[in-house]
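Written below as structure tokens is the structure these notes are about.
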Amino acid sequence: LAFGNVRKGATVANQTLTFGNTTVTDANYQDALLVATTANNGKLTATGATIAAGTTGNLTVAISTATAGSLADTLAVSQNSKAAASGLLDKDLGTLNVAVTGAVYDYAKATLASTSLALGNVRPGAADTLSVANEVITSSTYQDGLLVAATSANGNLTLTSPAKIAAGLTGNVGVKAKQAGLLDATVALALTSDTNGVSGLTNLGLTSQSFGVTGAAYDYAVSAVTNA
């Protein structure tokens, strides 16, 4: 039973496995088939069925997407012939192992170390960084990476965006004084939750964030000598 890769909070249809109780001679004189199992994975709920002769019934598996994590499980499905009349005994018809696959994923969660970066009074070429974390929500294994793109309208600054930030890690936005002048600016951060190539999921643009930069860059004096 394959649930695929889904997002936390998603509504996902139940998966079913159909069992039939094939009539041997006369359905009126044949046991019911009892199909039952218990999930080992707490995100799964499995419901069995009692199937009359000549009919079919479903083993139904539902999942919870309330938190991120694996949906993988192996269900040991018991099959029993349930005695149809007094004086008869039930019979164990064996166990069927059913694999369940899939996972629930969180989006990335961006957290800035600060909302301001004070460069102070510096020379052109001076630089500093502000860190951005991809904070783990439930499990780093089941969370998107974070893409950060930094921009500013101040032409006196050179900005460097970090590489994709894995869940539980941080990356740095670089801010450099490109030339002399006022460095005060708002640095806008476009944020994208990146699926890391996990099938069935799509990237999502997150709410942008920003931080303020203050400071000024000063050139050294330049000596120019001319004849009187």
Side-chain angles (χ1 to χ4, degrees), residues 4-12 42-43 64-71 102-222:
N5 299 310
V6 299
R7 290 298 186 185
K8 182 175 70 175
T11 299
V12 180
K43 294 183 181 300
S64 169
T65 61
T67 58
S70 175
L71 298 172
V104 181
Y105 285 81
D106 281 316
Y107 290 110
K109 183 179 180 181
T111 302
L112 305 188
S114 175
T115 57
S116 63
L117 180 65
L119 294 177
N121 296 317
V122 297
R123 298 298 186 184
D128 204 346
T129 60
L130 188 137
S131 66
V132 181
N134 184 0
E135 184 180 343
V136 175
I137 299 172
T138 306
S139 167
S140 60
T141 303
Y142 299 98
Q143 182 167 322
D144 285 2
L146 176 65
L147 297 177
V148 180
T151 58
S152 171
N154 190 332
N156 294 329
L157 296 176
T158 298
L159 304 179
T160 304
S161 300
K164 181 167 63 175
I165 306 169
L169 300 181
T170 61
N172 292 323
V173 176
V175 181
K176 182 178 180 179
K178 180 181 179 181
Q179 59 193 17
L182 186 65
L183 303 178
D184 291 0
T186 297
V187 176
L189 302 179
L191 306 172
T192 302
S193 186
D194 183 276
T195 67
N196 298 316
V198 175
S199 63
L201 303 180
T202 56
N203 293 355
L204 177 71
L206 304 176
T207 301
S208 63
Q209 298 190 41
S210 64
F211 64 91
V213 176
T214 57
Y218 291 82
D219 285 323
Y220 289 107
V222 176

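Residue numbers run from 1 in the order of the sequence given.
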Inset, instruction - Would you please name every residue forming a salt bridge (charged side-chain N to carboxylate O under 4.0 Å, His left out) with Lys8, sequence neighbours left out? - result: Asp106
Inset, instruction - List for me each residue that meets salt bridge (charged side-chain N to carboxylate O under 4.0 Å, His left out) alongside Lys176, sequence neighbours excluded, and say none if there are none. - result: none
Grab the two heavy atoms, one from [X] and one from [Y], that are nearest each other, plus how far apart they are.
| X | Y | answer |
| --- | --- | --- |
| Leu130 | Ala113 | CD2-N, 4.4 Å |
| Asp144 | Thr195 | OD1-CA, 3.6 Å |
| Gln143 | Asn196 | O-ND2, 3.7 Å |
| Ala185 | Ser152 | CB-OG, 3.4 Å |

Legend entry - Any residue meeting ring-ring contact (aromatic ring centres under 6.0 Å, His included) with Tyr142, in chain and number order, not counting sequence neighbours: Tyr105
Name each donor-acceptor pair under 3.5 Å that joins a side chain in residues 154-163 to protein atoms two or more places apart or in another chain, with its distance.
residue, atom, partner, partner atom, Å
Asn154, OD1, Asn156, N, 2.8
Asn154, ND2, Leu182, O, 3.1
Asn154, ND2, Asp184, O, 2.9
Asn156, OD1, Gln179, NE2, 2.8
Asn156, ND2, Leu182, O, 3.0
Ser161, OG, Ala150, N, 2.9

Inset, instruction - Check whether any side-chain heavy atom of Val187 sits under 4.5 Å from a side-chain heavy atom of Leu189, and report yes or no. - result: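 Contact flag for Val187/Leu189 side chains = yes.
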Inset, instruction - Using side-chain contact (heavy atoms from CB on, under 4.5 Å) as the criterion, list what pairs up with Leu147, not counting sequence neighbours. - result: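 If we apply the side-chain contact (heavy atoms from CB on, under 4.5 Å) test to Leu147, skipping adjacent residues, the hits are Lys164, Thr192, Asp194.
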Legend entry - Ser64: side-chain contact (heavy atoms from CB on, under 4.5 Å) partners, not counting sequence neighbours: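 Here the qualifying residues are Ala66.
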Inset, instruction - Would you check if the side chain of Asn134 reaches a backbone N or O of Ile165 as a donor-acceptor pair within less than 3.5 Å? - result: yes
Legend entry - Arg123 side chain to Tyr218 backbone, donor-acceptor under 3.5 Å: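 Yes, the answer is positive, given that a donor and an acceptor are paired below the 3.5 Å cut-off.
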Inset, instruction - Consider only side-chain N and O atoms of Lys43 and Thr67, and report whether a donor and an acceptor are under 3.5 Å apart. - result: yes
